[in-house]
Amino acid sequence: MASLAPRKKPNLESVTTINEDGSRFMLHPADVGGTFTWARRLTALVLLFVYAGLPWIQINGYPAVFFDVWERRFHLFGLTFVAQDGFLAFFMVTGLGFTLFFLTSLFGRIWCGWTCPYTVFLEHVFRRIERALDGDAASRRRLDAAPWTAAKVARRILKHGIYLLAAAAIAHLFLSYFVSLPRLYTYMGQSPLAHLQAFAVVSFLTAALYFCFSWFREQFCIILCPYGRLQSALTDDNTLVIGYDERRGEPRGHRSEKGAGDCVDCWRCVQVCPTGIDIRNGLQLECIGCAACIDACDAIMAKVNRPTRLIRYDSLNGLRGGKTRFLRPRIYVYAILFLLGAAMFAFALGRVKSINASVVRKAGIQLPYTVAGGFVRNFYDVRLLTKRNTVTEFSVTVHDGPEGLVASGFERPAALPPQGEATQTLVLSVPVALYRGPETLRVVVHSEPGGHEVHRRVDFLGPDVRLIGRLRGALEPASSVTSSPGAP
């Protein structure tokens, strides 16, 4: 029988998962049960169902969360956003950031251990696969130390084949958030060369996920994730973290030893840690706040008939015997910033309409206006966009214009299909005899159904008013003159 692979004693001088020669030391965390473990598993199960289910849930004819890269639209729980609504992303991102700051200041790295997608996939998908195939921690270490036999090779091929399938499933689900499930099914039934970009994205994601969850694992949290580095700046001695009650536990020793603390030095807290630290050494960067050590220690304390929560959620002040202050300056600051951002986001969201329109001077024309047939004419491009799932009709009216202004191009309402977009030319003309100089006009784009309106200001330009007298005498119905501002 193969002997167990060696264990390492965690310390504060180096990372447990890296050997002295720089090679990787593979961790095999033991499984654990308990209140926090089952709560985390239930949370992870809900999150996995949400991740897998959102592309299937239809709201207003679209998935609940859908980044439509083809139409450049973002559908979020019945709301549709376009590129012009991109400013909302600023409030959303900053709001999420301040929410994370606020929660971290109160509860430490609870995001990492409970809801981070990386942790959810690693601990509740890939490690569950490994435990089902290779057994408990002792069996996995024994298998690692065993020589390469046909049985070991077959087991490794089976495990990594399932890893690859799980990584591919996660990657395909991720792609469905950008192309929709029906289009994803179409892609999967065709040659990869027909949709090379989508195939490349899925291939890269599958390879990256397989690498991370089959080998890199906790190194991502320790080395790459910036959140662990931010922890020291966001927390203080009143933040709830996972800590070891040194006053109760020390000195460590067997329960029969006289004068020994409650800690029996069983190493169970180390064996279940997914990043390989010893929580008894104090709060460390590698701790992701998963609470596995709490459940492990509580189980041991129950066996030796000693009070539980030797390791627990508490502040550093609380672990020292002091009082935890939940309300403190940084909490107020983060809360105020979060509420301010949320209020601005809500205000901006209320201004988002189901239609959009822009009116700009027509591109490709060298001169800003023309003078022909006794009229001064300006040309504009009216870009129309509807986010509705029904046909929308747009009509255009012009206000605050000079006497005799004539608008053409929208004699009939422009009908756009659901989620449609179109550009149509608007021509504004003023008789030369009535032209009195440049003016600012108000173009109103009206939509039906809904009765929504979009107001846009445009400048109507023409020749220098000093030339109007000469133009009146010089222009004949069959002649035309083209001019630009300030021309002699």
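Excluded from the calculations below are hydrogen atoms, water molecules and symmetry mates; all remaining heavy atoms, backbone and side chain alike, are included.
- Counting only N and O atoms by type, the side chains of Thr80 and Tyr62 include no donor and acceptor under 3.5 Å apart.
- Proximity of Pro117 to Tyr51: side-chain heavy atoms (C-beta onward) are nowhere separated by under 4.5 Å.
- Electrostatic pairing of Arg388 and Glu393 does not count as a salt bridge here, judged by no charged N lying under 4.0 Å from a carboxylate O.
- Looking only at distances, no side-chain donor or acceptor of Lys159 sits under 3.5 Å from a matching main-chain atom of Ile129.
- With sequence neighbours excluded, the residues that form a salt bridge (charged side-chain N to carboxylate O under 4.0 Å, His left out) with Arg330 are Asp236.
- Closest of all the heavy-atom pairs between Val270 and Pro10 is CG1-CG, 3.7 Å.
- Of the N and O atoms on the side chains of Asp21 and Ser23, at least one donor lies less than 3.5 Å from an acceptor on the other residue.
- Atom CZ of Phe174 sits in a sparse spot, with 12 or fewer heavy atoms from other residues, nucleotides or ligands closer than 6.0 Å.
- Around the CE atom of Met301, the shell of radius 6.0 Å holds more than 12 heavy atoms that belong to other residues, nucleotides or ligands.
- In terms of modelled atom types and a separation under 3.5 Å, the side chain of Ser176 and the main chain of Leu173 share a donor-acceptor contact.
- In Phe87, the CZ atom is crowded: over 12 heavy atoms of neighbouring residues, nucleotides or ligands sit closer than 6.0 Å.
- The backbone N or O of Gly78 sits less than 3.5 Å from a side-chain atom of Asn60, completing a donor-acceptor pair.
- Remark: the backbone N or O of Arg41 is not paired with any side-chain donor or acceptor of Glu123 at under 3.5 angstrom.
- Side-chain contact check for Trp111 versus Leu103: every heavy-atom pair is 4.5 Å or farther apart.
- Distance alone, capped at 3.5 Å, is enough to place a donor-acceptor pair between the Gln424 side chain and the Gly409 backbone.
- Sparse packing is recorded around CZ of Arg72, with 12 or fewer heavy atoms of other residues, nucleotides or ligands lying under 6.0 Å away.
- Using a 4.5 Å heavy-atom cutoff, the side chains of Arg127 and Arg217 are in contact.
- Under a 3.5 Å cut-off, the side chain of Asp295 and the backbone N or O of Phe36 do form a donor-acceptor pair.
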inquiry  = Phe338 vs Phe102, test: ring pair (Phe, Tyr, Trp, His ring centres under 6.0 Å). Steps then yes/no.
reply    = CA-CA 8 Å; Phe338 166 73; Phe102 179 79; 7.3 Å; no

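- For CD of Glu20, the number of neighbouring non-hydrogen atoms (other residues, nucleotides, ligands) closer than 6.0 Å is 12 at most.
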task = Quick one: do Phe90 and Phe345 satisfy ring pair (Phe, Tyr, Trp, His ring centres under 6.0 Å)? Show the steps, please.
result = CA-CA 9 Å; Phe90 170 79; Phe345 177 77; over 10 Å; no

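- With contacts defined as side-chain heavy-atom distances shorter than 4.5 Å, the pair Arg140/Arg131 qualifies.
- For the pair Leu240 and Phe326, the minimum side-chain heavy-atom distance is below 4.5 Å.
- For Lys303, the NZ atom counts as loosely surrounded, since its 6.0 Å shell holds 12 or fewer non-hydrogen atoms of other residues, nucleotides or ligands.
- Looking at Arg280, its side chain never comes within 3.5 Å of a backbone N or O of Cys263 through a donor-acceptor pair.
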message = Under the criterion salt bridge (charged side-chain N to carboxylate O under 4.0 Å, His left out), I'd like the reasoning laid out for Asp144 against Arg156: C-alpha separation, chi angles, the key distance, then a yes or no.
response = CA-CA 10 Å; Asp144 278 356; Arg156 285 288 189 261; 2.7 Å; yes

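- Side-chain atoms of Asn19 and Lys8, non-hydrogen and from C-beta on, do get closer than 4.5 Å to each other.
- The closest donor-acceptor contact from the side chain of Arg248 to the backbone of Pro307 lies under 3.5 Å.
- More than 12 non-hydrogen atoms from other residues, nucleotides or ligands lie less than 6.0 angstrom from CD of Glu453.
- His28 and Asp134 share no side-chain donor-acceptor pair at under 3.5 Å.
- Counting heavy-atom neighbours within 6.0 Å of Trp148 CH2, excluding the residue itself, gives a total above 12.
- The shortest distance between side-chain heavy atoms of Phe66 and Leu54 does not fall below 4.5 Å.
- Taking the six-membered ring where the residue is Trp, Trp70 and Tyr187 present perpendicular rings, their angle passing 60° and hence far from 30°.
- With contacts defined as side-chain heavy-atom distances shorter than 4.5 Å, the pair Phe211/Phe220 does not qualify.
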key: Step-by-step ring pair (Phe, Tyr, Trp, His ring centres under 6.0 Å) determination, Phe126 to Phe121   = CA-CA 6 Å; Phe126 287 85; Phe121 288 131; 7.5 Å; no

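- Between Arg128 and Asp31 there is a salt bridge, since at least one side-chain N of the basic residue sits less than 4.0 Å from a carboxylate O of the acidic one.
- Between Phe67 and Phe178, the distance from one ring center to the other falls under 6.0 angstrom.
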